[in-house]
Amino acid sequence: MRQGPNYLGPTMNTRLILLAMLAAGCTFETDVRISTSSPSSPPRLVVGITVDQMRADYLTRFGAWGDPEAPGTFGRAGFRRMVDEGFACRDHHFGYAPTYTGPGHASIYTGTTPVVHGIVGNNWYDRSTAESVYCASDASVKGVGNAGVDMDGEALGSAGQMSPTRMLSTTLGDEWKVATGGKAKVIGMSMKDRGAILPAGHAADGAFWFYGKDLGQFISSTHYGDSLPRWARDWNDLGRSQQLMDLGWDRFHEEAVYAACLPDNNPYEGPFKGTLKPTFPYDLNALADQNGGMDLLKGTPGGNTLLVDFALAAIDGEGLGDDDITDLLAVSFSATDYVGHRVGPHAQETMDMYLRLDAELARLFDALDDKVGEGQWTAFLTADHGGANVPSHMASLGMPASYWKPGNMLDAVEQALQVQYGSTSKDRPWILRHSNDQIFLNHPLLAQRGIHRDDMARFVAEQCAPQEGLSKAIAACDAPALAANDPVVARLLRGHRPGHSGDVLLVPQPGWIEYGPTGTTHGSAFAHDTHVPALFLGCGVRQGQTFQTTYIRDIAPTVAQIMQSPYPNGTTGSPISDLLNDGIR
Ligand SMILES: [Zn+2]
C-alpha cells in the first residue's frame with residue numbers, strides 16, 4: 001500500500017476529511033473550504049497499446065471523427081471512444097530514424113530515442129562480433145512454454161531465447177517497479193517477441209509472445225522465470241488459436257463498404273504462399289502447411305483477437321488493477337504490420353483488419369470498465385512506426401515513388417575505394433556491411449593502413465550521392481553540424497549510436513523503399529513512416545486534441561505524470577501538458 005494522502009482516491013479523501021472534522025468538532029461553513037475541482041488519483045491500471053505500422057491517416061480514413069453509423073467506419077467504443085472521451089495528438093511523430101518495430105517499442109516506453117536506449121534497429125551490425133544481432137535476442141536465456149523450460153534448446157529453440165538485455169535504459173515499468181518496492185505488476189504481450197519484451201522492460205513480471213507453427217501458444221523466457229504463470233498455461237490449454245484458424249478470414253462487411261480501397265485482386269498485393277491471388281476469403285487451414293501453420297494468425301485478424309483474449313486472461317490472472325498500486329499492461333498488436341507488409345495501406349485487407357481491430361479495442365475497453373472500473377484506468381494508443389504507400393501503386397498513378405536497390409551502388413563504391421585507398425583481398429573489403437541504410441567501414445583495416453575514418457566516410461558519401469533514388473548521403477561525422485538546419489539529419493542522429501552505428505548515412509527519397517514489388521515497408525525519416533496516432537483515454541486525461549507536434553519520446557513522461565511515477569532514466573521527451581487533467585495532484 002502506498003503512503004500519503006496523495007494516493008487516496010477522492011472518495012477516501014473526503015471520508016477522512018469528514019471524520020477528522022467530526023472529531024475536531026468542525027463545521028463546513030466556518031473552518032474548511034472544500035475545493036470544487038476534485039483531485040484525480042492515479043489510475044489502478046495503465047494499458048499501453050501499440051498498433052504495429054498504424055499510420056496517422058488510418059484514424060481519419062476509417063472515420064474516427066466521422067459518423068459512427070456510417071458503414072465501414074469505426075464504432076463508438078473503440079478508437080472513437082479514445083477520440084470522443086480522450087485526447088488526440090494529431091501531429092505525432094517519431095523524432096528519429098530508422099523507424100522499425102524494435103526502436104519504436106523501446107522509444108515509447110523509455111521516453112527517449114535509439115541514440116540513448118541503444119535499440120537502433122530490429123537488427124544491427126555488431127562491430128565487436130562482426131555479426132548482425134537481433135534487438136531482443138539473448139543466448140543466455142531459454143524459452144519457457146507450457147511444457148516448461150526449453151532445456152535442450154530444441155522445443156522452442158531461438159524463438160524463446162529473448163530478453164530486453166540489449167536495451168540500455170529503463171522503461172516506465174522498470175522505474176515503477178522500483179518506486180513501488182516491486183508491488184506494481186508490469187506485463188507485456190504481443191504476437192512479436194520484441195513487441196512484448198521491450199515495452200515490458202528489464203524488471204517486468206512477465207512478457208509473452210506468440211509461437212505459431214503447430215503449437216499456437218504464448219511463450220516467454222527464463223528472463224522472467226522458469227515457468228509460465230498458471231493463468232497463461234491455462235489459457236494456452238484452451239486451444240483458442242486453432243479455433244481462430246478454423247474461422248478463416250473473410251470481409252467484416254459487404255464488399256461495397258471497401259469501395260475507397262483498391263479492388264480485392266490487384267498487382268500491388270502479395271498472396272500467401274501456395275495461392276495465386278491475394279483475395280478474400282482466406283482459408284487459413286488450407287494455407288497453413290506452406291505458411292508456418294498457426295503463424296498465419298500473426299498476419300490475420302485472429303492475431304488481434306488472440307491478444308485481447310490473452311490480455312483479459314492476464315488482467316484476471318495477475319489481478320491487474322485490483323488495488324491502489326497502479327499496474328502496467330503493455331499490449332502490442334502485430335497483425336496490422338504483417339498485413340501492411342503483404343498488401344500495403346490501401347488494400348481491402350488492411351481496412352478490414354482495422355475495422356476488426358476497432359471491435360477488439362471496444363471489447364478490451366468494455367472489459368476494463370467492468371473489471372477495473374470506469375474512470376479507474378488509463379489507456380494510450382500509438383504505433384511503433386508508419387509505412388510507405390506501395391511504390392508500384394504510386395508509380396501507376398504517376399507519383400515519384402519507386403524501389404531503392406543499393407546493391408550495385410555499394411559494389412561500385414567498394415571498387416572506387418580499392419582504387420582510391422589501395423586494394424584489399426576479397427574477404428577483407430573496405431565496406432563491411434550495409435544495414436539500416438548505413439554503411440559500416442572496415443575500422444581495423446583503416447587503422448592498419450593509417451587512413452582517417454572521416455576522410456573515407458566523406459569519400460564514400462560523395463560516391464553514393466548521385467545514385468538514383470537517393471535523397472542524400474552524409475558522413476556520420478558531419479551529421480551533428482548539418483542537423484541544426486536539416487530536420488531529416490536531426491532525426492537520423494537521434495537513431496545513430498556513435499561507435500556502434502554506421503559511418504555513412506543514406507537517405508532514400510521519400511516514397512522509395514528497399515522491398516519487393518508487392519506490399520510495403522518502413523524505416524525512413526519521412527512522414528509516411530514517422531506520422532502516427534497518439535491517443536490517450538481515461539483517468540488523468542483531459543478531453544481534447546492538439547495539432548502541435550508531439551513525439552513518441554513524450555509518451556512515457558506524460559504517462560509517468562499520470563501515474564506519479566519517476567521518469568525512465570534516459571528520458572529526453574517532455575510531458576504533453578495539454579492532455580493532463582488539472583486534477584492530477
Ligand atoms: Zn514492419
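Hydrogens, waters and symmetry mates play no part in the numbers below; they use all other heavy atoms, side chains included. Indexing begins at 1, ligand by ligand and atom by atom, following the structure's order.
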Original post:
Salt bridge between Lys273 and Asp295, side-chain N to carboxylate O under 4.0 Å?
Top reply: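 A salt bridge is absent here (no side-chain N lies under 4.0 Å from a carboxylate O).
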Subject >> Short N/O/S contact of His385 with the Zn ion (ligand 1) (below 2.8 Å) >> reply: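 No, since none of the N, O or S atoms of His385 sits under 2.8 Å from the Zn ion (ligand 1).
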Subject >> N, O or S from Asp52 under 2.8 Å to the Zn ion (ligand 1) >> reply: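 Given the 2.8 Å cut-off, Asp52 does not count as a ligand of the Zn ion (ligand 1).
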**OP:** Determine, step by step, whether His528 and His522 satisfy the ring-ring contact (aromatic ring centres under 6.0 Å, His included) criterion, reporting the C-alpha distance in whole Å, the side-chain angles of both residues, the deciding distance to 0.1 Å, and the verdict.
**Re:** CA-CA 8 Å; His528 49 72; His522 47 85; over 10 Å; no
Subject >> Metal site angle (apex the Zn ion (ligand 1)), OD2 from Asp337 and NE2 from His341, 10 degrees >> reply: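 Angle OD2(Asp337)-the Zn ion (ligand 1)-NE2(His341): 90°, rounded to 10°.
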**OP:** Assess the side chains of Ser221 and Ser163: does a donor N or O sit below 3.5 Å from an acceptor N or O?
**Re:**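 No - no donor-acceptor pair under 3.5 Å links their side chains.
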**OP:** Classify the angle between the aromatic ring planes of Phe280 and Tyr258 as parallel (below 30°), tilted (30 to 60°) or perpendicular (above 60°).
**Re:**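 Rings of Phe280 and Tyr258: tilted, 30 to 60°.
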